[in-house]
Amino acid sequence: MTAAAARHGSSIDRRDLVLAGLVALGLLALCVAVQRGRVPSYDGKIAYATARAIADGRLHILPADDDFKANLPYSHYGIGMPLVILPLYLIQRALGMAPDLVVTLASPLLLAAAGAVTYLIGRELAWSRRGSLCAALASVALTQGLQVSQELFSEPGIALCTALLILGVLRWRSGAAGGPWLTGAGLGGALLFRSDSAALVGVGLLLLPAFVPWRRLLAERRKWVGLILPVLLAVAWTAWYAELRDGSPIPKVYGGTFTTPLLTGLFGLLLSHGKSLFVYNPFLILAIPGAVLLWRRDRAATALVVVLAAVRPLFYARWSAWFGGVTWGPRFLMPTAVPLSLLAVYAVSPFWRLPWVRLPLRAVAAAVVAGLVAASVAVSLLSVWVPYGAAWTSAVTPPAASKLAGAARQQVLDRQMHAYLYSFHGSSIGYNLRRVTRHDNRFFPLTHFVGAAEPIGVLALVVAVLAPLVAWGLAARDDRAPPDELAGLGDPLPRERVGTG
């Protein structure tokens, strides 16, 4: 352990566990408030069908469960999401509830847990409690995480596992208990949600020597059990299931091919007006300066979160459906919300420590941050106010008055799809904005507020506000915060490079 790591140790105590619980409660309540209570996506329906199959004592799904007959008899998707859905389905079946109000809590529960772990990551980095709260809440409330909470996609599970891996590596560095087990659980769990996590999350392990020197790793061989055991169990299941399904222990790629030119995919995922990560998550733009600032304090931690965020667009840029299919924003980049929110919140802190003589600069910084937060809130509201599928349907359907056929009809559809992917007006955001400003309520999907507000919806909104406020108040007395902290994160770590041997 380096001198710096030993000096800081773990910054998590019992109060932090209480605050993490309040974060989870607030985020869960927020997701419940925007709950749809049904599963519209094909991927979600397959995950749901697999959970029902397990409840009935089998692994294969039935032909009636698969509209496109692409997952028969065994699902090509990871087992992680069906395992999360399973207990919720059993509860829902026992209670006889309809629509799927209990089953659709799967993603909210995963996102709430991811937010709680994000808070603990901030504390492990010796950030102030309020700074850590901001990062945790932003990771869902100010990103496309809020919209994906309405679905049964695997991405919320990947986001949680990514957060667990980051927390585990940081705790391993500080010598705190459970570091290797958290790291192993993060990687093993991610493998169960999606087999490609072997590369997309496993790449974080390559940076482990930057946190824990080789000499210490070799001297603490017993701790490797916590890392290896969860991964071995996940690999064993994945290989067995792939052999059952595909006749090979190596899972087959499903749903597309890596045929998109790299630069085309990267432009779409990062710069296009219709599907860019930063268009659908404006607040995360601050992650760019945040990475530069955090690099000066903790190079190992910066490298870890940047690599875990950067590897996803590089991987999916060449995917034939790089945009994620019928989804809100770049679906496959949603798990980057955790590492990028950490960097984005860190970027805000230096401006609040500027001397008052630099008030104009502080005012400009505050205006920029407020604008990005407001934009993210607006996009998040639009994402749940109108179902994302409505924009896709509009893009793939020719105008009602059009009588074109053949090549002429295809040209119209190509123009509409190009606008959907590359223009703001044709994007899901633009489409939903037009529906809202025209007071078009045909698509309003929120189960607890359709017609009249239900008590559970109102209660969820109240808890979504009160839980973070209580947490903010409890975080006011921050014994570990630096003495020169004014508001936010303070100066988390010394300027020396931490955890490099």
Side-chain angles (χ1 to χ4, degrees), residues 1-28 111-140 160-186 211-212 216 220 223 226 294 297-298 300-301 304-305 338-339 341-343 345-346 348-349 352 463 466-494 498-499:
M1 183 187 304
T2 65
R7 182 164 59 252
H8 286 282
S10 176
S11 296
I12 298 174
D13 57 24
R14 290 183 179 179
R15 187 190 303 180
D16 289 314
L17 297 179
V18 172
L19 293 176
L22 287 171
V23 166
L25 178 62
L27 291 177
L28 177 60
L111 290 168
V117 176
T118 302
Y119 169 82
L120 296 178
I121 292 172
R123 293 300 292 153
E124 196 65 33
L125 288 169
W127 291 2
S128 73
R129 291 190 171 97
R130 286 185 168 179
S132 302
L133 280 173
C134 289
L137 297 173
S139 67
V140 176
L160 171 59
C161 293
T162 301
L164 286 173
L165 184 138
I166 296 173
L167 179 62
V169 170
L170 292 173
R171 288 185 69 81
W172 199 338
R173 173 174 71 177
S174 67
W181 286 98
L182 287 169
T183 306
F211 292 85
V212 187
R216 180 179 158 205
E220 300 175 343
K223 290 189 175 182
L294 187 58
R297 301 295 187 264
D298 191 340
L304 178 61
V305 297
V338 169
S341 292
L342 289 165
L343 295 175
V345 170
Y346 190 87
V348 177
S349 62
W352 304 112
V463 174
L466 287 183
L469 287 178
V470 171
W472 190 263
L474 291 176
R477 183 187 170 197
D478 200 336
D479 297 332
R480 297 179 186 269
D484 63 338
E485 181 187 35
L486 297 178
L489 302 174
D491 196 0
L493 292 172
V498 176

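Since the model is a prediction, treat every value here as computed from it, not as a measurement. Residues: numbered from 1 along the sequence shown.
Side chains of L111 and L27 form no contact here, defined as non-hydrogen atoms less than 4.5 Å apart. Here the side chains of R173 and D298 are in contact, with some heavy-atom distance below 4.5 Å.
Residue S341 comes nearest to S139 through the heavy atom pair OG-CA, 3.2 Å, listed as atom of the first residue, atom of the second, then distance. Residues G131 and S128 share a closest heavy-atom pair of N-OG, 3.1 Å. G186 and C161 get closest at one heavy-atom pair: O-CB, 3.1 Å. The two residues G122 and S132 make their nearest non-hydrogen contact at C-OG, 3.2 Å. Contact record, L19 with A471: CD2-O, 3.4 Å, taken as the closest heavy-atom pair. Among all heavy-atom pairs drawn from V338 and A163, the shortest one is CG1-CB, 3.9 Å.
Rounding to the nearest 0.5 Å places CZ of F211 at 5.5 Å from CG of L170. Summarising the geometry, atom CG belonging to L466 is positioned 9.5 Å from atom CG belonging to L25; distances are rounded to the nearest 0.5 Å. Rounding to the nearest 0.5 angstrom, the gap separating the CZ atom in R129 from the CG atom in L474 is 9.5 Å. The distance from atom CG of L22 to atom CG of L133, rounded to the nearest 0.5 Å, is 8.5 Å. Rounded to the nearest 0.5 Å, atoms CZ (R216) and NZ (K223) are 5.5 Å apart.
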Worked check of side chain to side chain contact (heavy atoms under 4.5 Å, CB included) between W472 and C134: CA-CA 9 Å; W472 190 263; C134 289; 3.8 Å; yes

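Annotation: side chain to side chain contact (heavy atoms under 4.5 Å, CB included) contacts of A24 (sequence neighbours excluded): A112, A116. Contacts of L182 classified as side chain to side chain contact (heavy atoms under 4.5 Å, CB included), with partners at least two apart in sequence or in another chain: L164, L167, R171. Remark: P468 pairs with L137 by the side chain to side chain contact (heavy atoms under 4.5 Å, CB included) rule, at least two apart or across chains. For A135, the side chain to side chain contact (heavy atoms under 4.5 Å, CB included) criterion is met by T118, W127, L342, V345, not counting sequence neighbours.
Remark: the backbone N or O of V169 is paired with a side-chain donor or acceptor of T183 at under 3.5 angstrom.
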